[in-house]
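Right, one structure below, let's go through it.
These numbers were taken from a predicted model, which means no experiment stands behind them. The first residue of the sequence shown is numbered 1, and numbering continues consecutively from there.
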Amino acid sequence: MEKKGKLVICGGNISVSAKKIFTRFAQYATLDRTKIVVVVSASDEPIESFDATKDKLISVGVPKEDIFMLPLFDKEVATQLGLANARHQELLDILSNATGVWFTGGSQLRTTALFLNEDFTDTIYLKSIRQVLVRGGVIGGSSAGAAIMSKVMIGNGTDEGCLAYPPITCVKEYFSDKSNEEHEKLLITKGLGFFDGGIIDQHFNTRARQRRLITTMKYTSTPYGYGISEDTGLIYNIASGAIEVLGSAYVYKIVLADNETTIERITENAKC
């Protein structure tokens, strides 16, 4: 399957740079037509998350009739808010012929639980989303919507937890472990794998996450990692592998090679 689209991967809290980031996303989503689907599965306030994303897209010129919410919610959230998941065929119809898909923030584990089968294979909904890239469209996301982008996903954890405990790779084991109450252990699991250039982490300029990203890279023998700041996007051209940074802060590119760690700080207008 040839992939030729783009990724717009943001570190969270898109504010000052919202116009330039969503303008770029909208440009990439404009093919022979525009159909943008917003995936709110990570959020505990899905309707508000959709409305906020929709407003940003409308503000950069996307017609409101070209923006759709995917009504596929975390079961617990749906129960609490009185929401109902759409029927199978309706979900597929919404995803059909999409030119752009945006994943909102929240908990990345909610998203992977809905889009990956228990054996970590793609659900039919994820297969449909992958076709967006085949068509040359764009997939984007912020915060949890960034965490799901890489093949290896950081599900949870803190730098302190990395110092105190070894990583856990089983979600059920992670949440049944009472020792997590003091320091959140590092949970390493499977993401949706749109980004093939390394491991993604987010909120990098506001939260202490360098150790957890490097620990994840070492544990999984992944040579590249990208820590994305808030209000900042990593733009990835899948066909060429080119990376561009867009926004007010920076992306840390971390490389593990020959038992050495190198860190490069990339800002807007710099490409790698």
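A donor-acceptor contact closer than 3.5 angstrom links the side chains of Gln202 and Arg209. With no hydrogens or angles considered, no side-chain donor-acceptor pair links Thr34 and Thr99 at under 3.5 Å. For the 3.5 Å distance criterion, the side chains of Asp119 and Thr121 qualify, holding a donor opposite an acceptor. Residues Tyr236 and Asp196 bring a donor and an acceptor atom of their side chains to less than 3.5 Å of each other. Using modelled atom types, one finds a donor on one side chain and an acceptor on the other under 3.5 Å when comparing Thr206 with Glu230.
Summarising the geometry of Ser150 relative to Ile200, their closest heavy-atom pair is OG-N, 3.3 Å, with the distance given to 0.1 Å.
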Item to complete: Take Glu244 and Arg24 through the test salt bridge (charged side-chain N to carboxylate O under 4.0 Å, His left out) and record every step on the way to the result.
Response: CA-CA 12 Å; Glu244 177 187 357; Arg24 182 70 67 89; 3.0 Å; yes

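Annotation: the span from Asn85 atom CG to Phe73 atom CZ amounts to 6.5 Å, rounded to 0.5 Å. For the atom pair CE of Met149 and CD1 of Ile9, the computed distance is 5.0 Å after rounding to the nearest 0.5 Å.
Checked against the 6.0 Å centroid threshold, Tyr226 and Tyr224 do not count as a close aromatic pair.
Stacking of Lys190 on the aromatic ring of Phe120 is not recorded, the 6.0 Å distance cut-off and the 45° axial limit not both being met.
Heavy-atom neighbours of Glu76 CD from other residues, nucleotides or ligands within 6.0 Å: at or below the threshold of 12.
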